[in-house]
Amino acid sequence: MLKLGVNIDHVATLRQARYRGQPNGEPDPVAAALVCEAAGAHGITAHLREDRRHIIDGDIQRLSREIRTRLNLEMANVPEMIAIAFDVHPGIVCLVPERREEVTTEGGLDAAAAISALTETCLRLNNAGIEVSLFIAPVGCQVEAAAEIGAQFIELHTGSYAEHFEQTAERNRELDRLAAAARRANQLGLRVNAGHGLNVRNVPLLHGVPHLVELNIGHSLVSRAIETGLATAVREMLAAMKGYTG
Ligand code: PXP
C-alpha cells in the first residue's frame, strides 16, 4: 500500500501570519497533525527552516511527543538542524536544500556534489537510530550518489512532473524519468518516496511509477481543507452570533 505523509508546514504558515513571536496561536499544526493521523495518514512531515518562517522549534518538540505515527523532519544539512534532530529523535530525517529567498523547496539536493558531507551526516544520524532520506531530482547520478552516501530512502522531487501535468508529452517524459529513477533506486537497495506539488488530480498517474513507498503532500491538502472546512467554520460562527437581541 502506498503511504501518505502529510506535510503540515502550511498550517504553521497561516499561524505565523498572525501570531509570529507569540507563544500560542491558531491554527495549531500539532492539532492538525492529529486530525491527519485520525483520518488515516501514515506519517507527518514538517520542515524546520533556518528562518523559522512556518514550523518553529516548539512545534517539532510537540510533534515528536504527541503524534502516534512517525515524524519525518525535513531539514538542511547544517549543524544547528543536526543537533535538533539528535534532540527530538524523529523517525526519519529528510535532507533538503534550503535557500532563504525561495518560496518553497525549489530543487532537489545535489547529492552527487556533496557526497562526503552527506555521508558524514547520514552516518551520524543512522548511529543515533534515525533513518535518512535525501530529496533529489529523478536523475540517475543523484540516485547513485544517494546509495553511495548510505541513505535508506530517497524522496523523488515530483515538482517538474506536477508543473508539466497539463502538457501530455512533457508529463509523460517526467513520468518516465520518475519511473527510471525509482527502478535504479530499487536496484541499489534504496527505498523510494516522492513529493512536491502533488494533488488529487496528478497522483493517479503516479501509479505507473514502481517501488514507491510514501508520498509527502502538503500544499494541496491544506488548500483543500480550507475550501471544504470554511462552511463548517461559518456555521459555527453564525451559531455563536445567534440570539443577539441588541
Ligand atoms: N517533500 C519535500 C521534501 C518538500 O520540501 C515539500 C514541500 O515542503 C513537500 C514534499 C510537499 O510539497 P507540497 O507542499 O507541494 O505538497
Side-chain angles (χ1 to χ4, degrees), residues 2-16 27 29 32-33 36 41-56 59-60 63 70-78 81 85 90-111 118 121 131-139 142-143 146 151-165 174 178 181-182 185 190-206 209 212-227:
L2 189 54
K3 293 184 186 172
L4 171 63
V6 178
N7 180 315
I8 47 137
D9 293 350
H10 293 316
V11 178
T13 301
L14 186 55
R15 177 195 59 195
Q16 297 307 90
C36 295
H42 304 93
I44 301 298
T45 296
H47 184 174
L48 187 64
R49 282 181 168 269
E50 186 197 2
D51 62 8
R52 308 301 196 270
R53 72 171 74 150
H54 39 53
I55 295 291
I56 58 175
D59 296 327
I60 296 295
L63 284 167
R70 65 102 193 89
L71 177 61
N72 173 17
L73 174 60
E74 260 186 48
M75 58 181 227
N77 183 24
V78 295
M81 293 300 157
I92 182 164
V93 158
C94 181
L95 295 172
V96 298
E98 197 173 299
R99 289 191 302 122
R100 260 176 189 264
E101 60 276 18
E102 68 192 356
V103 175
T104 179
T105 313
E106 282 166 4
L109 268 180
D110 191 353
L118 290 168
T121 300
E131 290 193 300
V132 173
S133 177
L134 302 179
F135 185 50
I136 57 172
V139 173
Q142 298 296 347
V143 176
Q152 286 68 51
F153 283 87
I154 54 168
E155 179 171 331
L156 292 175
H157 197 313
T158 50
S160 189
Y161 161 66
E163 243 171 68
H164 294 97
F165 186 71
E174 293 300 328
L178 289 164
L190 290 158
R191 282 172 282 163
V192 186
N193 297 332
H196 207 90
L198 298 180
N199 57 39
V200 286
R201 291 187 60 238
N202 61 29
V203 159
L205 284 188
L206 283 185
V209 176
L212 293 177
V213 175
E214 179 172 300
L215 302 181
N216 282 310
I217 305 180
H219 189 93
S220 71
L221 285 171
V222 174
S223 306
R224 180 83 181 128
I226 290 173
E227 288 172 4

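What you are looking at is a predicted structure, and each value in this text was computed from that prediction instead of being measured. We count ligands from 1, going down the list as the structure has it; atoms in each ligand are counted the same way. Hydrogens, waters and symmetry mates play no part in the numbers below; they use all other heavy atoms, side chains included.
Between G218 and ligand 1, an N or O atom pair is found at a separation short of 3.5 Å. Any N or O atom pair closer than 3.5 Å counts here, and G197 shares at least one such pair with ligand 1. At least one N or O atom of E74 sits closer than 3.5 Å to an N or O atom of ligand 1. Any N or O atom pair closer than 3.5 Å counts here, and H219 shares at least one such pair with ligand 1. Checked by distance only, ligand 1 and S220 stay at 3.5 Å or farther apart across all their nitrogen or oxygen atoms.
Side-chain atoms of T13 do not come within 3.5 Å of backbone N or O of H54 as any donor-acceptor pair. Side chain of N7 to backbone of H47: no donor-acceptor contact under 3.5 angstrom is found. Counting only distance, with no hydrogens or angles, the side chain of E174 and the backbone of H164 share no donor-acceptor pair below 3.5 Å. One N or O on the side chain of Q142 and one on the backbone of A111 form a donor-acceptor pair closer than 3.5 Å. Counting only distance, with no hydrogens or angles, the side chain of H42 and the backbone of L4 share a donor-acceptor pair below 3.5 Å.
Relative ring orientation between H157 and H196 is described as tilted, the plane-to-plane angle lying within the 30° to 60° band.
Of all atoms in ligand 1, numbered sequentially from 1 with element shown, those under 4.0 Å from a heavy atom of N216 are 10 (C), 11 (C). Atom numbering of ligand 1 starts at 1 in the shown order; those under 4.0 Å from a heavy atom of I217 are 16 (O). The V96 neighbourhood of ligand 1 comprises atoms 3 (C), with distances under 4.0 Å to a heavy atom of that residue.
Taking each of H54, E98, H47, E155 in turn, the one with a heavy atom nearest to atom 1 (N) of ligand 1 proves to be E155.
Distance check: I92 CD1 to E155 CD gives 9.0 Å after rounding to the nearest 0.5 Å.
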